[in-house]
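Atoms considered below: every heavy atom in the structure, side chains included; atoms not considered: hydrogens, waters and symmetry mates. What you see is a predicted model, and the numbers here were worked out from it, not measured in a lab.
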Amino acid sequence: MKQEMVLVLDFGGQYNQLIARRVRECGVYCEVKPSTIRLDELRAADPKGIIFTGGPNSVYDEESPRCSREIFDLGIPILGICYGSQLMAYMLGGQVKTAPVSEYGRTKVHVETEDKLFAGVSSDTVCWMSHTDYIAEVPKGFGITASTPVCPAAAISCPQRRLYATQFHPEVMHTKQGERMLRNFVYEICGCAGDWKMDSFVEAAIQSLRDKIGEGKVLCALSGGVDSSVAAVLLSKAVGKQLTCVFVDHGLLRKNEGDEVESVFGPDGPYELNFIRVDAAERYYERLRGVTEPEEKRKIIGEEFIRIFEEEARRIGAVDFLVQGTIYPDVIESGLGQSAVIKSHHNVGGLPSVVDFREIIEPLRMLFKDEVRKAGLELGIPAYLVYRQPFPGPGLGVRIVGEITEEKVRIVQEADAIYREEIAKAGLDQDLGQYFAALTNMRSVGVMGDFRTYDYAVALRAVNTSDFMTAEAAQLPWEVLMHVSNRIVNEVKGVNRVLYDCTGKPPGTIEFE
């Protein structure tokens with residue numbers, strides 16, 4: 001049975017990923033496509049509905065992004081958001097002008113609850129505004145369905161053609177009843193049944209992989225992180241011993257992490273795959289000796305991983321397919337439609353030139369992070385791996401300020417283990433976006449057991465974030481911080497001081513280097 005889908009057309013808005021996520025959270029599959037999508041491609045996708053994103057441009061500027069005028073005549077329900085609402089109005093004969101008063105942030109909006117988009121929504125609700133232009137004159141056949149004191153057409157609709165538009169952003173959490181509005185659109189207006197379920201995705205993905213791979217050999221670079229772990233197990237379920245996973249333990253993992261990964265994926269684990277663990281700690285420590293510049297450390301760690309992977313790939317022999325743990329944000333952030341390129345996606349840099357394979361397999365490329373975790377649970381991966389904290393590719397190398405040594409790695413591993421243990425005991429682990437201990441390059445005088453010490457300071461970090469693009473320092477209970485501090489100073493040799501990082505992102509970053 002073909003899966004129903006809603007398409008998001010990207011006009012350069014910063015929330016394009018978020019719109020797709022919110023629709024999927026409603027149980028309806030959703031993809032982001034460029035606003036320049038051809039009509040034949042759009043018809044072939046057969047979407048149940050279309051959503052226009054916001055964007056930074058003014059619709060009356062000649063260079064502003066557009067879509068085909070014919071899209072409005074396809075009979076497919078459309079929801080325009082912010083720039084998308086103005087574009088709909090402008091292209092259908094309305095007028096868009098610079099607003100006398102711009103609106104930004106939380107705004108009280110009066111909505112007409114008899115409109116299908118606002119069924120079940122309070123007549124006066126709080127929405128997130130971000131605009132300098134406004135719809136000055138609505139197109140023929142449209143009515144105004146929401147307003148604010150300075151924005152008379154905060155929402156418009158033409159129910160006969162199933163065209164709806166909001167000047168505000170229903171996808172962001174600041175719009176209090178935005179989820180209800182999006183559910184109304186996909187279910188009441190588009191007529192979706194809600195068939196996007198993770199169990200059906202996993203089942204279909206396994207069968208698809210079997211069909212694609214046949215008798216071929218598959219190679220996967222397994223980091224132990226959520227994405228690569230889920231990809232590896234999915235392939236294992238599909239092709240078993242045809243899969244080889246290479247796990248490079250660079251000595252910069254968290255305490256006991258290498259053994260935990262091996263216990264799940266190694267020969268004594270529950271999965272049928274060829275698992276190779278490369279213990280490369282000494283090799284990494286040697287390459288990193290005397291290096292203090294953060295970017296140089298990152299490059300050394302990444303390059304050495306590629307060299308080791310090359311060596312193991314040659315030992316394995318001819319490989320038909322290479323597995324990457326690409327997820328949907330990687331695809332979108334590589335540049336899509338009018339959106340800016342946030343980062344160039346290349347999960348396993350340099351491999352195509354040295355490994356002989358027919359094709360790259362990215363079984364998770366259409367999933368968001370939370371969906372990857374759900375798929376992992378569906379596949380039977382232990383919850384402690386599925387919900388593990390995000391961990392950077394260079395590992396503790398970016399949580400040790402200055403030169404990396406074996407002794408410093410031991411210190412930060414022990415301190416971090418204590419911190420994570422106490423956060424979990426306090427029941428705070430599920431509420432935090434990310435938390436970890438880092439080792440500063442600062443040493444200071446202390447007194448322990450009537451003796452003078454001159455040891456390192458450990459910094460604790462905990463942030464609240466939904467997207468990891470911005471973050472706020474978490475306000476942890478003082479008693480938890482004090483207990484963690486006491487344990488680290490008492491139990492970790494080489495530490496006599498513990499600090500808590502209160503910096504947000506921006507101006508800081510989540511990691512230290």
Side-chain angles (χ1 to χ4, degrees), residues 8-22 32 35 51-61 63-65 79-90 94-112 117-118 121-138 144-157 164-182 185 332 337-340 342 433 463-473 503-508:
V8 173
L9 298 195
D10 173 30
F11 290 93
Q14 59 180 314
Y15 300 130
N16 54 12
Q17 279 192 49
L18 190 55
I19 296 170
R21 281 196 61 169
R22 293 291 182 256
V32 181
S35 61
I51 300 177
F52 292 174
T53 74
N57 304 93
S58 293
V59 296
Y60 44 77
D61 290 341
E63 301 301 317
S64 295
L79 171 63
I81 296 175
C82 197
Y83 176 90
S85 71
Q86 297 167 8
L87 182 68
M88 182 185 294
Y90 185 78
Q95 287 191 16
V96 177
K97 298 180 179 179
T98 302
V101 179
S102 299
E103 284 182 307
Y104 295 100
R106 293 179 178 87
T107 305
K108 189 174 181 180
V109 179
H110 177 76
V111 304
E112 301 297 334
L117 189 66
F118 300 125
V121 175
S122 304
S123 57
D124 290 304
T125 187
V126 174
C127 301
W128 184 260
M129 288 284 193
S130 180
H131 68 101
T132 54
D133 290 341
Y134 80 124
I135 298 171
E137 183 180 320
V138 301
I144 294 175
T145 57
S147 61
T148 75
V150 298
C151 184
I156 61 174
S157 72
Y164 295 80
T166 66
Q167 183 60 71
F168 53 83
H169 291 269
E171 72 275 20
V172 303
M173 63 181 181
H174 307 298
T175 297
K176 296 298 184 183
Q177 295 174 284
E179 181 185 355
R180 182 59 184 263
M181 298 173 195
L182 289 175
F185 178 69
I332 296 175
Q338 301 294 326
S339 291
I342 299 171
V463 298
N464 294 317
T465 179
S466 59
D467 56 12
F468 291 87
M469 301 301 292
T470 61
E472 294 179 347
T503 315
K505 176 187 178 181

Asn16 and Thr53: side-chain donor and acceptor closer than 3.5 Å? no

Across all chains, not counting sequence neighbours, the side chain to side chain contact (heavy atoms under 4.5 Å, CB included) partners of Ser123 are His110, Thr113

The reported gap from CD in Glu112 to CD1 in Ile156 (rounded to nearest 0.5 angstrom) is 14.0 Å

Gap separating the OG1 atom of Thr166 from the CE atom of Met181, nearest 0.5 angstrom: 8.0 Å

Just by modelled atom types, is the Glu171 backbone N or O under 3.5 Å from a matching donor or acceptor in the His169 side chain? no

Under the rule for side chain to side chain donor-acceptor pair (under 3.5 Å), what residues qualify as partners of Thr125, not counting sequence neighbours? Gln177

Sub-3.5 Å donor-acceptor pair from the side chain of Asn57 to the main-chain atoms of Val59, do we have one? no

Ser147 meets the side chain to side chain donor-acceptor pair (under 3.5 Å) criterion, sequence neighbours left out, with none

Tyr90 meets the ring pair (Phe, Tyr, Trp, His ring centres under 6.0 Å) criterion, sequence neighbours left out, with none

Under the ring pair (Phe, Tyr, Trp, His ring centres under 6.0 Å) test, which residues partner Phe52, sequence neighbours left out? Phe11, Phe72

Could you tell me which residues satisfy side chain to side chain donor-acceptor pair (under 3.5 Å) with Ser64, sequence neighbours excluded, listed by chain and number? none

First locate atom OH of Tyr134, then atom CD of Glu103, and finally report the distance between them rounded to the nearest 0.5 Å. 11.5 Å

Residues forming a side chain to side chain contact (heavy atoms under 4.5 Å, CB included) with Ser85, sequence neighbours excluded: Ile135, Ala165, Gln167

Euclidean distance, Tyr83 OH relative to Ser58 OG, rounded to 0.5 Å: 8.5 Å

Tell me, do Tyr60 and Thr98 make a side-chain contact under 4.5 Å, heavy atoms counted? yes

Where does the angle between the aromatic ring planes of Phe185 and Tyr164 fall among parallel (under 30°), tilted (30 to 60°) and perpendicular (over 60°)? perpendicular

Excluding sequence neighbours, so at least two apart, what forms side chain to side chain donor-acceptor pair (under 3.5 Å) with Thr132? none

Would you give the length of the straight line joining atom OG1 of Thr175 to atom CE of Met129, rounded to the nearest 0.5 angstrom? 8.5 Å

Just how far is it from atom NZ of Lys176 to atom NZ of Lys108, taken to the nearest 0.5 Å? 14.0 Å

